[in-house]
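Count residues from 1 along the sequence. Remember, it's 1-based here, ligands and their atoms both numbered in the order they're listed.
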Amino acid sequence: MAQRWTNTLTHADVTPRAAFLNRRQVMAGMAGAGLTALSGPAAAEDGLEANTWEEITSYNNYYEFGTGKDDPVKYAGSLTTEPWSIKIDGLVDRPGDYDFKDILSEMTIEERIYRFRCVEAWSMVIPWNGFELSDLLNMAGVQEGAKYVAFETAYRPEEMPGVRSPVLEWPYREGLRLDEAMHPLTIMATGIYDRPIPNQNGAPLRLVVPWKYGFKSIKSIVRITVTDTEPPTSWNMAGPREYGFYSNVNPNVDHPRWSQGSERRIGGGLFSKRVPTLMFNGYEQEVASLYDGMDLAKNY
Ligand code: MTE
């Protein structure tokens, strides 16, 4: 189908990282110390550089493998991702245990280059490959009366050293309202940069909801339940005042312990800078109507 999402970045919008760095290096060479000369090009390209494979796959949050940013890349290799099956149950016409490979054969994989904003106030731009969650839910057949979708990550103490720690209630759980789940921006990611998604990023499939804080984008999903009641979620259970069910990116609603008004772009090393956080992470035009009439400070 033709481009449906005006706000989905494409490769044409994104400055290839290598070209960007080369230009900066040239500028730095010309200007000696460089900082003055650098402010120009860096500002001009604000927000539109895709992060490198290396950055996306080595700075992660995946607490089942530890709470350090480099724990997932070190330890997630132990997760067995083949075979993989996903239980789809609850208010669906065709409940069952679906083999990941069978699901893939039914789905259309597309590239979606999305901004990704963690609640911790760092961000990246990630070229995902995946399919729309709505296609999977339609395959299972959502029944009348359904209002929410609940997700669960695999729980495997023998493969996940981090679950020995009670930092969260396991299995990791997340949820969306049905209209959020059916929104065309909401995808199940199965790849990054046209390569299978690595374990540390949530192999073999993880949710990506680009207008919400990253913790909503649950990894390595083994169960999807369509339901009529708001499902409990791991971060909300751990800190209800800090992590709401909605968790839409919102620069006007601060986390109780830090500002959400700006974010630190991962990458760029010495030159990484804070940039303003955008309402709904820049996807306001596409998703604001989902929340018409809602008090977003209350429904954080
Ligand atoms: N999913 C599971 N199962 N466990 C986790 O700890 N961390 C979340 C989310 N999904 C997490 C998870 C958080 S806090 C973020 S910011 C993103 O994954 C990080 O995704 P990334 O490592 O691919 O950047």
Side-chain angles (χ1 to χ4, degrees), residues 50-79 81 84 86 112-130 150-157 159-176 186-193 195-224 232-239 242-244 247-249 255 258 260 263-267 277 281:
N51 282 89
T52 61
W53 169 266
E54 179 63 27
E55 286 159 357
I56 296 166
T57 62
S58 64
Y59 185 93
N60 299 99
N61 277 334
Y62 197 164
Y63 279 16
E64 287 86 335
F65 296 97
T67 54
K69 292 287 180 275
D70 59 351
D71 285 336
V73 67
K74 282 196 274 191
Y75 304 121
S78 58
L79 183 68
T81 58
W84 192 271
I86 299 130
R112 298 285 181 97
I113 305 176
Y114 283 160
R115 295 183 192 85
F116 188 83
R117 169 63 156 83
C118 178
V119 74
E120 296 163 335
W122 54 263
S123 66
M124 299 199 199
V125 174
I126 304 182
W128 303 105
N129 309 100
F151 305 85
E152 268 181 38
T153 294
Y155 174 71
R156 302 206 191 131
E159 294 184 348
M160 296 173 150
V163 301
R164 273 182 246 132
S165 148
V167 56
L168 289 173
E169 246 183 73
W170 314 108
Y172 194 102
R173 269 163 277 182
E174 258 309 332
L176 295 174
T186 303
I187 60 165
M188 287 295 216
T190 56
I192 295 172
Y193 276 117
R195 293 158 69 174
I197 196 164
N199 284 10
Q200 62 269 31
N201 292 85
L205 88 167
R206 59 91 59 86
L207 185 67
V208 176
V209 194
W211 72 93
K212 291 180 179 282
Y213 291 120
F215 69 86
K216 298 293 290 183
S217 293
I218 180 173
K219 297 179 170 182
S220 308
I221 293 167
V222 292
R223 186 173 181 189
I224 300 174
T233 63
S234 291
W235 278 104
N236 183 250
M237 287 188 281
E242 305 196 355
Y243 310 102
S247 289
N248 294 314
V249 175
H255 186 280
W258 58 84
Q260 294 293 25
E263 62 204 52
R264 180 174 60 92
R265 281 282 150 80
I266 300 301
T277 289
N281 203 24

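- Using cut-offs of 30° and 60° on the angle between ring planes, the pair F116 and W122 is tilted.
- By the ring pair (Phe, Tyr, Trp, His ring centres under 6.0 Å) test, Y75 pairs with no residue at all, sequence neighbours left out.
- Aromatic ring pairs are classed by plane angle as parallel below 30°, tilted from 30° to 60° and perpendicular above 60°; the pair F65 and Y62 is perpendicular.
- If you number the atoms of ligand 1 from 1 as listed, the ones under 4.0 Å from a heavy atom of C118 come out as 16 (S).
- Looking at N61 against ligand 1, both its backbone and its side chain come within 4.0 Å, counting heavy atoms.
- For ligand 1, the atoms lying closer than 4.0 Å to a non-hydrogen atom of N60 are 21 (P), 22 (O), 23 (O).
- Annotation: Y63 is in aromatic contact with W235 [ring centroid separation under 6.0 Å].
- A salt bridge is absent between E263 and R115; no separation between the charged side-chain nitrogens and carboxylate oxygens falls under 4.0 Å.
- Here atom 11 (C) of ligand 1 lies nearest to Y172 when heavy atoms of W170, Y172, F116, F151 are compared.
- N60 is listed as a side-chain neighbour of N201, based on a closest heavy-atom distance under 4.5 Å.
- When heavy-atom distances to ligand 1 are checked against a 4.0 Å cut-off, R206 comes that close only through its side chain, counted from C-beta outward.
- Side-chain polar atoms of R112 and Y114 form a donor-acceptor pair below 3.5 angstrom.
- Checking only distances, Y59 never comes within under 3.5 Å of ligand 1, N or O to N or O.
- Of all atoms in ligand 1, listed by their number and element, those nearer than 4.0 Å to a heavy atom of S217 are 9 (C), 10 (N), 18 (O).
- In terms of polar-atom proximity, defined here as any N/O pair under 3.5 Å, Q200 makes no such contact with ligand 1.
- For S220, the closest heavy-atom approach to ligand 1 does not fall below 4.0 Å.
- The shell of residues lying under 4.0 angstrom from ligand 1, judged by heavy atoms, excludes W235.
- Contact atoms of ligand 1 toward E64: 2 (C), 3 (N), 4 (N), 5 (C), 6 (O) (distance under 4.0 Å to a heavy atom of the residue).
- Side-chain polar atoms of S123 and R265 form a donor-acceptor pair below 3.5 angstrom.
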